[in-house]
Amino acid sequence: MKTEISTAAAFITKLLKQSGLIEENQLQQFCQSLQESMKDHYKHHWFPQIPCRGSGYRCLRINHKMDPLIGRAAGHIGLSHQRLFQLLPSELTLWVDPFEVSYRIGEDGSICVLYEGPPAVGKPLESHSSCKDALRMGRHSPSKNYTMMTVSS
């Protein structure tokens, strides 16, 4: 869990760093605070034998609302939610699962993997190779069935 959490926190921190408006010591404080919040939040929701279980709970999400864990960490360094919305993508989904951390920017963006680790040796895992693969397989565009109506006079 430590590697996955540090990977996710480092990614968000890197996004903030790209603005060039936040000092290095503040970025380090943000990253540390986010890691501590995630560790506490995920404590009873981490299932290495069934990595997809709890995936929605562990997901960090920005979509017209600031993710509470990111918002809390930002508050520790004096950044408001309004400022975060200016510095981070307006739509960001970050999945933090056992053995994988991945993200998507925008609702229709590609899912990119930040970290993929080997499952623990000797422990049986569920059949999906990753939670994101399951999401990709289940994601379909809505059908384009149109009903034509004719009007006669």
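Here, residue 1 is the first one in the sequence, and each next residue gets the next number. A quick note: this is a predicted structure, and the numbers were derived from the prediction, not measured.
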State, yes or no, whether a side-chain contact exists between E107 and N63 at a heavy-atom distance under 4.5 Å.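 Sidechains of N63 and E107: in contact.
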
Beyond-backbone contact of Q35 with M38, side-chain heavy atoms, under 4.5 angstrom: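 Heavy-atom side-chain distance check fails, nothing below 4.5 Å.
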
Identify the heavy atoms of [X] and [Y] that sit nearest to each other, and give their distance.
| X | Y | answer |
| --- | --- | --- |
| F85 | I62 | CE2-CG2, 3.8 Å |
| G109 | R104 | O-CD, 3.2 Å |
| R53 | F47 | O-CD1, 3.3 Å |
| T3 | S6 | O-OG, 3.1 Å |
| F99 | P118 | CD2-O, 3.4 Å |

Check P48, C59, S55 against D97 for a side-chain contact (heavy atoms from CB on, under 4.5 Å) and give me the one that passes.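 When side-chain contact (heavy atoms from CB on, under 4.5 Å) is applied between D97 and each of P48, C59, S55, only S55 qualifies.
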
Within this structure, what is the CG-SG distance for the pair L94 and C112, rounded to the nearest 0.5 Å?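 Between atom CG of L94 and atom SG of C112 there are 11.5 Å.
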
Excluding sequence neighbours, so at least two apart, what forms salt bridge (charged side-chain N to carboxylate O under 4.0 Å, His left out) with K2?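 Testing K2 for salt bridge (charged side-chain N to carboxylate O under 4.0 Å, His left out), a comparison that skips the adjacent residues, returns none.
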
Using a cut-off of 6.0 Å, state whether more than 12 heavy atoms not belonging to H76 lie near its atom NE2.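 Count not over threshold, so no.
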
For the residue pair Q32 and E36, confirm or rule out a side-chain donor-acceptor distance under 3.5 Å.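 Result is yes, a qualifying pair exists.
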
Output all residues satisfying side chain to side chain donor-acceptor pair (under 3.5 Å) with K65, sequence neighbours left out; order by chain, then residue number.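 For K65, no residue satisfies side chain to side chain donor-acceptor pair (under 3.5 Å) once neighbours in sequence are set aside.
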
Show the atom names and distances, to 0.1 Å, of all donor-acceptor pairs under 3.5 Å that link a side chain in residues 9-22 to residues at least two apart or in another chain.
{"unit_1": "T13", "atom_1": "OG1", "unit_2": "A9", "atom_2": "O", "d": "2.7"}
{"unit_1": "K17", "atom_1": "NZ", "unit_2": "E24", "atom_2": "OE1", "d": "3.4"}
{"unit_1": "S19", "atom_1": "OG", "unit_2": "L16", "atom_2": "O", "d": "2.8"}
{"unit_1": "S19", "atom_1": "OG", "unit_2": "L21", "atom_2": "N", "d": "3.2"}

Less than 4.0 angstrom from a charged side-chain N to a carboxylate O is my criterion; do R58 and E100 meet it?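 No, no charged N to carboxylate O under 4.0 Å.
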
